[in-house]
Amino acid sequence: MTGRRAAYTAARSLTVEAAETPPLPAGHVRIDVAYTGICGTDLHIYHGDMDGRVNPPAVIGHEMSGRIAQAGSGASEWRVGDHVTVMPLVWCGGCPACRAGHAHICHRLAFLGIDAAGSMQSSWTVPAATLVRLPQDMRLDHAALAEPTAVAVHDVRRAGLRPGEKTLVVGGGPIGLLIAIVARQSGADVLLAEPDPYRRSVAESLAVVTVDPGAGSLAETVGPWAGGAGAAVAFEVSGAAAGVAAAVDSLATRGRLVQVAIHPVAREISLYRFFWRELTLLGARLYSREDFEAAVRLIAVGEIPAQALISRIEPLERAAQAFQALESGAGVMKVLIDCQAGGEGGAR
């Protein structure tokens, strides 16, 4: 059986080509991929920044939804036609992190779509243990947002957010906006700082309060909003040095900084500020199965405004153009790839 795949071949180069379907190993399933979302990590790969880890030609992508096409031996709980998404983590089970109950940050973690073939293809074979069941009536384009929503759920959980806490989110891309929405649902009073007018407009359409950090000192804006105390929690999602500094400066005494963005280089941070205000720094990476299942529930009941976050959908044959659209940053939030010919991914 032959399908199609988009293969990363070199910096800023994707090739859409035929792909033979391999034999199905025991304990694995084959998925007809409906949609694959493009995220910031995918853009880093596309720019050639991760060639030390990704070996071209490589199929990338990990934010996805689809239907079971075939279940191998040892995967008897799955049936053809089941709607699924994939938690794209394979851990070793024996390292110190796994033994401590933190398998999602396994010392030898394999991330599907980075360290192994990903979902930007019409047919994807994965271990059955990575599957997360979707409601059969959930729109599959909306379900492709389960993975980034799981990131947001995990980040809010890491923050230990309490109802009523003043919460600053620095960076209003898809993950930042999802964090703002999940934090608000947890009872926090949320302010989102984002310089891009389009992204602010999307957030404001969802009743998220926003501020332009380029219009003045963010800390001075946060002060009055937080009653002069500063934010109890700040999520740093910008990936920029200025975003880190602004988040730290905006925190209240004993505030918590949750570091979400992946910074490509080391950043300076004011340890004096951490000492003076007894601040706490929390790293937030990936998610647990509990986070993923919570994300699916939030999308299923409409608590995550998936439709508002999806800016455009492109067919697999136009994967390169989809990356270019997201790279431009012009009026886009989340871009999905329809991995079935003729739009068969659909909203069914």
Side-chain angles (χ1 to χ4, degrees), residues 37-45 49-50 52-54 60-64 85-116 118-119 129-130 132 145-161 167-183 186 233-241 243-244 247-248 251 255-267 269 274 279-296 298 334:
I38 306 173
C39 75
T41 298
D42 298 321
L43 275 180
H44 283 307
I45 296 171
D49 297 334
M50 296 178 65
R53 185 172 171 185
V54 178
I60 61 176
H62 56 272
E63 301 180 359
M64 60 76 62
T85 185
V86 169
M87 188 172 76
L89 311 179
V90 178
W91 47 78
C92 72
C95 73
C98 288
R99 294 198 305 270
H102 309 309
H104 70 290
I105 47 174
C106 168
H107 293 186
R108 293 182 283 272
L109 187 70
F111 196 106
L112 305 185
I114 302 175
D115 305 305
S119 61
T130 65
V132 177
L145 271 63
E147 196 271 353
T149 302
V151 171
V153 170
H154 181 75
D155 296 344
V156 170
R157 194 191 305 275
R158 279 288 286 154
L161 207 58
T167 301
L168 173 67
V169 181
V170 181
I175 295 295
L177 183 50
L178 284 167
I179 289 171
I181 292 168
V182 174
S186 300
V233 178
F235 293 90
E236 199 294 293
V237 203
S238 72
V244 175
V248 172
L251 282 169
R256 288 110 66 200
L257 174 66
V258 184
Q259 185 54 51
V260 178
I262 301 171
H263 288 257
V265 297
R267 303 292 193 196
I269 190 167
F274 271 77
L279 304 180
T280 298
L281 173 61
L282 297 163
R285 178 187 171 202
L286 299 175
Y287 29 67
S288 67
R289 178 166 287 273
E290 180 184 7
D291 299 322
F292 227 99
E293 291 173 346
V296 170
L298 288 172
K334 176 60 69 177

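Here the structure is a predicted model, which is why all the values come from computation and not from measurement. What you see below is based on every heavy atom in this structure, not just the backbone, and it leaves out hydrogens, waters and symmetry mates.
For E236 (side chain) and G239 (main-chain N/O), a donor-acceptor pair under 3.5 Å exists by modelled atom type. Side-chain N or O atoms of T130 include none that pairs as donor or acceptor with a backbone N or O of V86 at under 3.5 Å.
With a 4.5 Å cut-off on side-chain heavy atoms, F111 and L286 count as touching. Between L109 and R285 there is a side-chain heavy-atom pair separated by less than 4.5 Å. Taking the side chain as every heavy atom from C-beta outward, D291 and M87 never approach each other to under 4.5 Å. Looking at F292 and E147, their side chains come closer than 4.5 Å, going by heavy atoms from C-beta outward. Side-chain contact between I269 and L257 is present, with heavy atoms from C-beta onward closer than 4.5 Å. Taking 4.5 Å as the limit, every side-chain heavy atom of L145 sits out of range of all side-chain heavy atoms of E63. Between M64 and T85 the shortest side-chain heavy-atom distance falls below 4.5 Å. At a threshold of 4.5 Å between non-hydrogen side-chain atoms, the residues H62 and C39 count as touching.
Once rounded to the nearest 0.5 Å, the distance linking CD of Q259 with CG of L281 reads 7.0 Å. Distance CG/L298 to CG/L178: 10.0 Å, rounded to 0.5 Å. To the nearest 0.5 angstrom, H44 atom NE2 is 12.0 Å from I60 atom CD1.
Minimum heavy-atom separation, A284 to D155: CB-OD1, 3.1 Å. Nearest heavy-atom pair across A294 and V153 is CB-CG1, 4.1 Å. Counting all heavy atoms, side chain and backbone alike, V169 lies closest to G176 at CG1-O, 3.5 Å. For the pair V156 and S186, the tightest heavy-atom approach, listed with the atom from each and the gap, is CG1-OG, 3.7 Å. For the pair R256 and A159, the tightest heavy-atom approach, listed with the atom from each and the gap, is NH2-O, 2.8 Å. Nearest approach of A295 to T149, heavy atoms of both residues: CB-CG2, 3.6 Å.
Residue F235 forms a side chain to side chain contact (heavy atoms under 4.5 Å, CB included) with just one option from T167, L282, V170, and that option is T167.
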Note to self: side-chain contact (heavy atoms from CB on, under 4.5 Å) for V258 and V233? Distances and angles first, verdict last.
What the structure shows: CA-CA 7 Å; V258 184; V233 178; 4.2 Å; yes

Extract all donor-acceptor atom pairs below 3.5 Å that involve side chains of residues 91-106 and protein atoms in other chains or at least two apart in sequence.
| from | atom 1 | to | atom 2 | distance (Å) |
| --- | --- | --- | --- | --- |
| R99 | NH1 | G94 | O | 2.4 |

